[in-house]
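Hydrogens, waters and symmetry mates are skipped; everything else that's a heavy atom, side chains included, is used. We count residues from 1, following the sequence as given.
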Amino acid sequence: MHSFRSIFLATAAIAVTGMMLVFAASLGLALAGIAVVVMLGSWISAKLQPAPVRAKVYARANRAGQREPRVWNDGRGTIIDL
């Protein structure tokens, strides 16, 4: 009877360990899939955003009576003096 009980407990322990392994593996695959979906969404949204356009100031000093625009920041916002 003692050997029957030990065989039963060993079989039950192996079954529980196997179920835990399957659960952990499926949970890991689910987390990896969620991470892939988030990364792909981030990549696609970055591709769909328009590229930034740089502001350019052209010198108007070559025309008679005009000067270059002045740009400064007074702490409350940027001021552009044309």
Side-chain angles (χ1 to χ4, degrees):
M1 192 67 174
H2 182 65
S3 64
F4 179 71
R5 186 183 311 159
S6 64
I7 291 173
F8 175 74
L9 286 177
T11 306
I14 290 172
V16 168
T17 304
M19 286 189 293
M20 288 172 50
L21 178 68
V22 169
F23 176 74
S26 64
L27 188 64
L29 283 176
L31 288 176
I34 290 170
V36 166
V37 168
V38 168
M39 286 173 30
L40 284 176
S42 174
W43 179 69
I44 290 172
S45 69
K47 285 283 191 183
L48 294 178
Q49 290 181 352
V53 178
R54 294 198 177 266
K56 297 178 183 175
V57 177
Y58 297 104
R60 292 194 279 174
N62 55 1
R63 292 190 224 153
Q66 293 186 348
R67 60 182 172 83
E68 279 193 42
R70 296 183 308 155
V71 179
W72 73 93
N73 191 343
D74 65 350
R76 292 181 290 171
T78 303
I79 298 171
I80 303 173
D81 183 16
L82 299 173

For residues 7-36, please give each side-chain donor-acceptor pair under 3.5 Å, one per line with the distance, not counting sequence neighbours.
from, atom 1, to, atom 2, distance (Å)
Thr11, OG1, Ile7, O, 2.8
Thr17, OG1, Ala13, O, 2.7
Ser26, OG, Val22, O, 3.2
Ser26, OG, Phe23, O, 2.8

Under a 3.5 Å distance rule, please check whether Ser42 uses its side chain to pair with a backbone N or O of Val38 as donor and acceptor.
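The answer is no, because no donor-acceptor pair under 3.5 Å joins these two groups.
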Is the number of heavy atoms from other residues, nucleotides or ligands under 6.0 Å of Trp43 CH2 greater than 12?
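Incorrect, the count does not exceed 12.
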Residues Val71, Ile79; criterion side chain to side chain contact (heavy atoms under 4.5 Å, CB included); working and verdict
CA-CA 6 Å; Val71 179; Ile79 298 171; over 6 Å; no
